[in-house]
Amino acid sequence: MNTQSLDRIIIFDTTLRDGEQSPGATLNVEEKLTIARQLARLGVDVIEAGFPYSSPGDFEAVQKIAQAVGTPDGPTICGLARATRQDIQTAAEALKPAAKSRIHTFIATSDIHLKYKLRKSRAEVLAIAEEMVGFAKTCVDDVEFSPEDAGRSDPAFLYEVLERAIAAGATTINIPDTVGYLTPAEFGDLIRGIKENVPNVDQAIISVHGHNDLGLAVANFLEAVKHGARQLECTINGIGERAGNAALEELVMALHVRRQYYNTFLGRPAESEAPLTNIDTRQIYKTSRLVSNLTGMLVQPNKAIVGTNAFAHESGIHQDGVLKNRLTYEIMDAQLIGLTDNQIVLGKLSGRNAFRSRLKELGFDLTEQELNKAFVRFKELADKKKEISDRDLEAIVNDEIQQSPDLFKLELVQVSCGDHASPTATVKLQTPDGQELMDAAIGTGPVDAVYKAINRVVNVPNELIEFSVQSVTAGIDAIGEVTIRLRHGDRIFAGHAANTDIIVASAQAYINALNRLYASLNPPEMRMNPQHSSLEATSTANA
Ligand code: KIV
Ligand code: ZN
């Protein structure tokens, strides 16, 4: 492969691996599968589905994604592996069902990582990189190698490691700015240096990976593209370790909106209208919502591309300009990312067929069972709300297809509150063994009372660390979406629910998070962070 000949950008999505490493973003196998299917609809080229050696759950998720999403016309499915035989073998095993599979192996190359984390010399790291890329190559054809903390590595040593990795069979060399330290000019220089000083660099694709500690990840990647990077490693909504990874939606839309600027760097005529990535941009908004709902990681309102304010015009001057001509204040059309005009499409009299076909138009591909559940919710909503918009439909469908384990079920919630009353809640839950238990509690407010009553039944210690309510649309009868995060020991669990009654949504979101917590206790889940463990750490995969 000659990187010069590649005139488009490969999108490598790591939402399910690096994104899931962000605190509290833990997803179960079904949820990962749901996201992977959506990533395939979005059109990503590679899905990094997990770190199979880290836990039996991660192994299973990668294997199921490889089977269900790694079809011949689907994306390449990738598994992360430290540069050890066990990691690589385990990744290869999990990836077997995929039509196109890739092993991504890594070892740190910065002196700081060598001294304090790996306790190895440069010569040892060089030898391990070469040997493990060679070993990965005996398992799969498509091998990616990353020198972790490349951004802070000595360039001369980096060139040497990359040259050996390519000679050993790496088809992609990925350059991570692991700690988000570099500036755009420095990142561009780093890629240029690699192109100029690694003699066999044309035999591999240059990829970039970076974190957003200084808020520069997207800018760094765009600069890297100008200097020869052809694969971008990114996550939906930019989730990931610490300040997160480069956001997929920002990269893709920058390359789309400014394609005439980037065309020449990819050897195309400047005026070419051909897309620079394979992404179906109309799937962006939906993917962002799905990832936010399932991980509990909220998107800030002013977030580029997918924030609720990204296409809103508040000031009179802007509104006036946009009404006269959208181009005055808009550089892209909201429909490009799949935001419809929030039309009122359905109501009480709408039937199943209208419901099904609108969902199809919105890009939801539901099974018959999911459709039935969503239709019941739609009818319940239509009794309370006269006009149902696309945003409402998305909220109820996302809620229904959530995959949190159904252990405790909320059967009833009732509150009484007011300025002269002590907020009191009664709840009835069905327990995992089928019993119906009722309890009541007084709280500082209605939600606190509901949560205290639920805790009396579920009886697992936890601390609520985040609670947020957002309305899906404007209007007094809007659906409220509640997202919560709770802590149990050192782990964080998220819950999300939507309902026109925000007390019911709050109760359901709490039950969803508690169910995730409860499922993780039995059997206890142990996971390994790929970057925080030395090469010798023992596996939990077969524990
Ligand atoms: O940030 C990083 O360096 C990584 C590597 C595993 C590629 O995530
Ligand atoms: Zn990373």
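In each ligand, atom 1 is the first atom listed, and ligand 1 is the first ligand listed. Reckoned from all heavy atoms, side chains included, excluding hydrogens, waters and symmetry mates. All values reported here derive from a predicted model rather than from experimental measurement.
A perpendicular orientation is assigned to the rings of His104 and Phe12, their planes being inclined by more than 60° (bins at 30° and 60°).
Residues Thr235 and Asn245 have side chains that never bring a donor and an acceptor to within less than 3.5 angstrom of each other. Side-chain contact annotation: Asn529 with Glu241, donor-acceptor N/O pair under 3.5 Å present. Under the 3.5 Å distance criterion, with hydrogens and angles disregarded, a donor-acceptor pair is assigned to the side chains of Asn174 and Ser146.
For the Zn ion (ligand 2), protein N, O or S atoms closer than 2.8 Å were enumerated as Asp18 OD2, His209 NE2, His211 NE2, with waters left out.
Taking Tyr518 as the reference, Phe408 meet the ring pair (Phe, Tyr, Trp, His ring centres under 6.0 Å) condition, with sequence neighbours excluded. Qualifying ring pair (Phe, Tyr, Trp, His ring centres under 6.0 Å) partners for His211, counting only residues two or more places apart in sequence or in other chains: His209.
Between Arg17 and Asp58 there is no salt bridge, since no side-chain N of the basic residue sits under 4.0 Å from a carboxylate O of the acidic one. Salt-bridge check for Glu250 with Lys303: passed, with a basic side-chain N closer than 4.0 Å to an acidic carboxylate O.
Between His496 and the options Thr483, Leu298, Leu294, Ile484, a side chain to side chain contact (heavy atoms under 4.5 Å, CB included) holds for only Thr483.
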What are the polar N/O contacts of ligand 1 with the protein below 3.5 Å, with distances?
from, atom 1, to, atom 2, distance (Å)
ligand 1, 1 (O), His209, NE2, 3.1
ligand 1, 1 (O), His211, NE2, 3.0
ligand 1, 1 (O), Gln531, NE2, 3.4
ligand 1, 3 (O), Thr178, OG1, 2.6
ligand 1, 3 (O), Gln531, NE2, 3.4
ligand 1, 8 (O), Arg17, NH1, 3.4
ligand 1, 8 (O), Arg17, NH2, 3.0
ligand 1, 8 (O), Asp18, OD2, 3.0
ligand 1, 8 (O), His209, NE2, 3.0
ligand 1, 8 (O), Gln531, OE1, 3.3

